[in-house]
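Take a look at the structure below.
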Amino acid sequence: QVQLVESGGGLVQPGGFLNLSCAASQNMLSANSMAWYRQAPGKERELVAYITSGGGTIYGQPVPGRFTISRDNAKNAVYLAMSSLKPEDTAVYYCAAFGVTAASGATYRSSWGQGTLVTVSS
């Protein structure tokens with residue numbers, strides 16, 4: 001099974017910035033698309049940003065203009081640069097990969113990381 005590991009979460013003050021990273025295990029050959037989701041306490045998981053292998057992007061409702069998603073296909077990594085952070089951005093942020101092909105030849109509809117906590121508070 002392919003594994004995704006997020007990093008970069010932490011505590012940041014309102015108006016601040018944070019950069020998240022997600023790296024896939026070495027047995028992942030490729031993914032058609034990758035994305036960041038988030039889940040705040042008591043709320044459903046929601047899309048933050050989505051990026052295709054060709055670089056096309058889609059952003060969720062709360063974040064256009066403040067967050068930027070990017071990926072490195074060679075490293076099978078995806079990044080999320082977050083700025084102008086607000087307390088309502090506090091959530092666990094999850095990395096996801098879709099249309100995954102593993103080195104074994106196995107394919108997976110999706111793979112998810114364990115999440116990294118982002119807390120925006122003064």
Side-chain angles (χ1 to χ4, degrees):
Q1 177 65 283
V2 169
Q3 294 183 335
L4 301 175
V5 179
E6 303 95 338
S7 61
L11 174 64
V12 62
Q13 292 187 340
F17 61 90
L18 209 58
N19 294 321
L20 304 183
S21 299
C22 173
S25 54
Q26 291 186 348
N27 65 331
M28 186 175 102
L29 279 183
S30 64
N32 289 341
S33 58
M34 300 185 78
W36 288 94
Y37 285 74
R38 70 185 185 185
Q39 187 166 19
K43 295 187 177 181
E44 294 187 352
R45 191 172 297 189
E46 64 177 355
L47 173 70
V48 176
Y50 175 97
I51 185 167
T52 68
S53 58
T57 57
I58 296 173
Y59 290 91
Q61 284 283 346
V63 304
R66 298 190 298 120
F67 293 6
T68 301
I69 189 171
S70 59
R71 69 184 284 180
D72 185 331
N73 290 332
K75 295 181 178 179
N76 282 328
V78 64
Y79 310 97
L80 186 68
M82 306 185 292
S83 62
S84 301
L85 283 162
K86 306 174 182 180
E88 51 264 43
D89 294 318
T90 295
V92 177
Y93 284 70
Y94 296 92
C95 170
F98 302 97
V100 175
T101 300
S104 65
T107 58
Y108 305 93
R109 183 169 297 181
S110 66
S111 293
W112 291 81
Q114 294 299 308
T116 185
L117 176 63
V118 172
T119 303
V120 184
S121 175
S122 56

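Computed over heavy atoms, backbone and side chain alike; hydrogens, waters and symmetry mates excluded.
Nearest heavy-atom pair across A91 and L117 is O-CD1, 3.6 Å. Heavy atoms only, all atoms of each residue included: A35 and L47 are closest at CB-CD1, 4.3 Å.
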>> side-chain contact (heavy atoms from CB on, under 4.5 Å), that's the test. Do L18 and L85 meet it? Break it down for me.
In response: CA-CA 8 Å; L18 209 58; L85 283 162; 4.0 Å; yes
>> T116 vs V92, test: side-chain contact (heavy atoms from CB on, under 4.5 Å). Steps then yes/no.
In response: CA-CA 5 Å; T116 185; V92 177; over 6 Å; no
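Note that the SG atom of C95 and the CD1 atom of I69 stand 8.0 Å from one another [nearest 0.5 Å]. Atom NZ of K75 sits about 9.5 Å away from atom OG of S21, to the nearest 0.5 Å. The CZ atom of R71 sits 10.5 Å away from the SG atom of C22 when rounded to the nearest 0.5 Å. Expressed to the nearest 0.5 Å, how far CD1 of I51 lies from CE of M34 amounts to 9.5 Å. The CZ atom of R109 lies 9.5 Å from the OG1 atom of T107; values are rounded to the nearest 0.5 Å. Taken to the nearest 0.5 Å, the CE atom of M82 stands 5.5 Å off from the OH atom of Y93.
Taking hydrophobic clusters as Ile, Leu, Val, Met, Phe, Trp and Tyr residues chained together by side-chain heavy-atom distances below 4.5 Å, L4 does not share a cluster with L29. Residues W36 and V12 share a hydrophobic cluster, clusters being chains of Ile/Leu/Val/Met/Phe/Trp/Tyr side chains in contact below 4.5 Å.
For the pair V120/P14, a side-chain contact is recorded, criterion being any heavy-atom separation below 4.5 Å from C-beta on. The shortest distance between side-chain heavy atoms of Q3 and S111 does not fall below 4.5 Å. Between T90 and S121, every side-chain heavy-atom pair lies at or beyond the 4.5 Å cut-off. Y79 places none of its side-chain heavy atoms less than 4.5 Å from the side chain of N19. You'll find the side chain of V48 stays beyond 4.5 Å of the side chain of Y59, heavy atoms only.
Side-chain N or O atoms of N73 include one that pairs as donor or acceptor with a backbone N or O of S53 at under 3.5 Å. Panel note: side chain S83, backbone R66; a donor-acceptor pair is recorded below 3.5 Å. In terms of modelled atom types and a separation under 3.5 Å, the side chain of E6 and the main chain of G115 share a donor-acceptor contact.
Inspection of the R45 and Y37 side chains reveals no N or O donor paired with an N or O acceptor under 3.5 Å.
Between W112 and Y94, the angle of the ring planes goes over 60°, which puts this pair in the perpendicular group of the 30/60° scheme. The aromatic rings of F98 and Y50 sit tilted, their planes meeting at an angle between 30° and 60°.
For Q114, the CD atom sits in a loose shell: 12 or fewer heavy atoms of surrounding residues, nucleotides or ligands are nearer than 6.0 Å. Around atom CD of E88, more than 12 heavy atoms belonging to other residues, nucleotides or ligands sit under 6.0 Å away.
Applying the side chain to side chain contact (heavy atoms under 4.5 Å, CB included) test between V118 and each of L80, D89, L20 identifies L20 as the sole match.
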